[in-house]
Asker: 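Let me begin by handing over the structure; questions about it come next.
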Amino acid sequence: MKQYFNLSVSETAQDLQVDLDKGLSSQEASERSQKYGPNVLEGGKEKSLLEMALEQLKDFLVLILMVAAVVSIFLGEALEGIVILAIVVLNTILGVYQENKASNALKALKEMASPHAKALRNGQVVEIASNEVVPGDVIILEAGDYIPADLRLVESVNLKIDEAALTGESVPVEKDCKTVLAEDSSLGDRINSAYMGTVITYGRGKGVITDIGMKTQMGNIAGMLNDGEDEATPLQKKLDSLGKLLGIVCLAICGIIFLLGLLRGMELFDIFMTSVSLAVAAIPEGLTVVVTVVLAMGMQKMVKVNAIIKRLSAVETLGSTTVICSDKTGTLTQNKMTIQRIYDGKELYDVSGTGYSPVGDITDKSGSKKTEAVQKVLESLVLCNDAIYDPEKETIVGDPTEAAMVVLAHKAGMVKKQWEEKYPRLQEVPFDSDRKLMSTFHTIDGKNVMYTKGAPDELLRRCVSVDIGGSVETLTDAKREEILSVNQSFAESALRVIGAAYRNVDVVNASFEAENDLTFIGLVGMIDPPREEAKNAIDICKKAGIQVKMITGDHKITATAIGRQLGIVEGEAVAIEGRRISEMNDQELQECVKTVNVFARVSPEHKVRLVDAVRANGNIAAMTGDGVNDAPSLKHADIGVAMGITGTDVSKEAADMILTDDNFASIVKAVAEGRTIYSNIRKVVGFLLSCNIGEILVIFLAMLVNLPVPLVAIQLLSINLITDAFPAFALGMEKEEPGVMDRAPRDPAEPIVDKKMAVAVGIQSIALAIGTLGSFMYGYYVHDDLDVARTACFLTLVLGELLRAYSSRSEHISVFKMRVLENSYLNKCVLASLAFLLASIYIPALNPIFSTVPLTLDEMIAALVLAFIPMLGGELAKKIVGK
Ligand code: ATP
């Protein structure tokens, strides 16, 4: 295999035939893509449709059915056997269809959440899916990015990469593109290269892709990369064990029915078939499948509210969220910064204009234009800056905080590009949320100067002097107080404040230590308006019993002011700063998070302690994050939420949910969706359980009172497959019910079948049994005809289930008060079931298969009227236990 770490940057570029300044052309990239294929690791094999089908056939109940079919054929009941087999086939097709649908939905979501790479193509930076990169692609590397494939570095600025995934080395490796290494350098020593799947923890750079897919170092050890099977969610596990328990109870009852049948001298084959069909009809084995499909479909629906869910279990947890810890900038606010105020160490200035428009003036107290006075402030902010601004299109690329400074400079006639050409950047110490500072080095008028900008409190701690109109004075305590009070007054008007300073240096040495002995130049205050939807979303949270906590790197007063505008802070404002959090022990912090809603000047490690404290109080916590250091807090949260637009790959990887629009309101919509999904699952479970128990009761009671078996095997099987399963799925697709966000969050420890559901299921099962048996007895005693009685019983049971499905659309709202026909899936299922029912009764050829006979009008009416009883039972249950 060709190696590149022993070649220079230019040799690498030549070998890979790429211009490092322009990258590949689109045509070249697509040719290489054809030649080398996609950049993917061949992970776990996907299940084929046949494998899925075979898995279905391994199911215990299917096996029982097959045995029943074979026994029937063997005993000369060929028709019965064939019908059972047809039902097995239909069931398998349905099962495979559903499993396939769910797994496709999950696959599509995984793809949406997969990382992207910033590649240079045709001279422009474009974002492409990581699996589309090709050898020779030039990739822009920033802190928080995953390395998409193996690459030779061609530019590195303080670049550090965490290679633990590959080498096990936990300390990030400092990279240097300029070195050329010996041919036998070991993987851990190759500081001029970077490898697929490793993470940039600091700095920035550029690299040219040398190997992709299975040819990468990760590809070499691909065995360990196979995605682990998605673990069953807590709900799936609960339902699985509930299903098993009920299964055993049902089997026991079937056993009793079998014995009762024997005692009553029924024919052996008939009792066998009845018991088998009853077992199949009654055991709620479909529960877990329905839940998986409902969860997976729910995940798909959440994409529409801009939330990509990465794990099935997160859907469940979302619904029980009690606290949302949210970043401020960009999530609760618009992240569209406009500088409105400037302070030059002496005077205050106003800045007019809105957004990223280059139109606006800098004026002093008297209203006269002033640009000269703030020249030094502007110069520092424009040079110590990575944002790109297009004044014609009024668009920016990069950090909005920095872009606001470029726009401000533009208003004063200072074009960033020209300034950068005049005073090129020699070195830099990048911004990070722990230090809250950034510095760059330049040669200005023959002298080396370091410009530093950042959070005023952090900056001022490192300042020893102040530059006022060109004259440098010692920073006295009084002056420090004055600057801090200006900072405070900006912050009180909800402005985000950034300070600027400089230092003349002899030797350029980009390090944290250099950021000391600074000379203060000034402050700027920028407005970042709250997102309009955020206030409404916070109101919804209040009604829904969800606390919202703002956790921000910004200043305490700015954060409180924004918190007040949004309704997060009410009454006496209490905000805690990161420094205070460091002083508290875990117990104190736990107490503190009960009442405090604003946490300011917080660094990523505080976020971990905060989320732990919130959870220790018994809460289910969602926590947002975007930075390279946010991964631990996202992992500690019950629901880690990453930002789709501004978030780093690392944060997206660690998160359970990605917001495609970075918007707080989307979290709240996702919570509502999560609650709806959970409540739909409850509807499905309640509906299926009462179907199953009701059917057992019908047979059991009939036997107890010495009546003939009211439903034959095929009838029971078709009810199970058609009239139970389809409406149950349709119930899983219900839309959000009114009032979903007016209730307190559910306790995640509560069993899915709680007391209320148990009572409701009991009432409905009894109602179902009463209606169905009533219909049977009417036919049996009044018409004195067993076939008529069974047909009427079949009709009432099917119709009863279908009508009851409408009542099951809500556990709380009466069917008479809802818009009954709103669920179109349910309507379609009901129509299809009705067509099947009428066909089985009125198409003569089908009569022998389903043991039915055409009913006369009065029998039909009696069966119809009785079919309303189960639905009324459902309504009665709502009156008794409906919340
Ligand atoms: P949030 O945590 O809500 O997203 P934030 O953007 O204020 O808020 P950080 O990005 O950690 O959080 O920034 C912390 C502080 O660092 C800011 O309040 C600001 O004073 C300063 N700051 C932000 N961006 C820069 C930058 N590019 N250069 C220098 N200082 C910055």
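Order of appearance sets the numbers: ligands from 1, and atoms from 1 within every ligand. Computed over heavy atoms, backbone and side chain alike; hydrogens, waters and symmetry mates excluded.
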Asker: How close does the nearest protein non-hydrogen atom get to atom 13 (O) of ligand 1, and which residue and atom is it?
Answerer: Phe431 CZ, 3.7 Å
Asker: For ligand 1, is there an N or O atom under 3.5 Å from any N or O atom of Arg601?
Answerer: yes
Asker: Going by an N to O cut-off under 4.0 Å, is there a salt bridge joining Glu482 and Lys346?
Answerer: no
Asker: Which is it for Lys453 and ligand 1 at heavy atoms under 4.0 Å: side chain, backbone, both or neither?
Answerer: both
Asker: What residues, two or more places apart in sequence or in another chain, satisfy ring pair (Phe, Tyr, Trp, His ring centres under 6.0 Å) together with Tyr389?
Answerer: His410
Asker: Any side-chain donor-acceptor pair under 3.5 Å between Asn504 and Lys447?
Answerer: no
Asker: Considering only heavy atoms of Glu402, which atoms of ligand 1 have at least one such atom less than 4.0 Å away?
Answerer: 26 (C), 27 (N), 28 (N)
Asker: Give a yes or no on whether a salt bridge exists between Arg425 and Asp386, defined as a side-chain N under 4.0 angstrom from a carboxylate O.
Answerer: yes
Asker: Which atoms from ligand 1 have a heavy atom of Val497 less than 4.0 Å away?
Answerer: 20 (O)
Asker: Relative to the heavy atoms of Asp399, which atoms of ligand 1 are at a distance of less than 4.0 Å?
Answerer: 24 (N), 27 (N)
Asker: Out of Gly625, Ala491, Gly553, who is nearest to atom 2 (O) of ligand 1 when you count heavy atoms only?
Answerer: Gly553
Asker: Any salt bridge between Lys652 and Asp626, counting N to O under 4.0 Å?
Answerer: no
Asker: Is the positively charged end of Lys376 above the ring of Tyr502, judged by distance under 6.0 angstrom from the centroid and angle within 45° of the axis?
Answerer: yes
Asker: Quick one: sort the Tyr343 and Phe520 rings into parallel, tilted or perpendicular, breaks at 30° and 60°.
Answerer: tilted
Asker: In terms of residue, atom name and distance, what is the protein heavy atom nearest to atom 20 (O) of ligand 1?
Answerer: Ala455 CA, 3.3 Å
Asker: Pick, from Lys328, Lys607, Arg496, the option with the minimum heavy-atom distance to atom 7 (O) of ligand 1.
Answerer: Arg496
Asker: According to ring pair (Phe, Tyr, Trp, His ring centres under 6.0 Å), who are the partners of His116, at least two apart in sequence or on a separate chain?
Answerer: none
Asker: Does Asp386 come within less than 4.0 angstrom of ligand 1, counting non-hydrogen atoms of the residue?
Answerer: no
Asker: What atoms of ligand 1 come within less than 4.0 Å of a heavy atom belonging to Ile498?
Answerer: 19 (C), 20 (O), 21 (C), 22 (N), 31 (C)
Asker: Strictly under 4.0 Å, does any heavy atom of Met550 approach an atom of ligand 1?
Answerer: no
Asker: With heavy atoms under 4.0 Å as the rule, classify the contact between Thr331 and ligand 1 as side chain, backbone, both or neither.
Answerer: neither
Asker: Is it the side chain, the backbone, both or neither of Thr552 that has a heavy atom closer than 4.0 Å to ligand 1?
Answerer: both
Asker: Answer yes when Glu515 and Arg435 have at least one side-chain N-carboxylate O distance shorter than 4.0 Å, and no when they do not.
Answerer: yes
Asker: Of the listed options (Thr558, Asp630, Asp554), which comes nearest to atom 18 (O) of ligand 1 when hydrogens are ignored and any heavy atom counts?
Answerer: Asp554
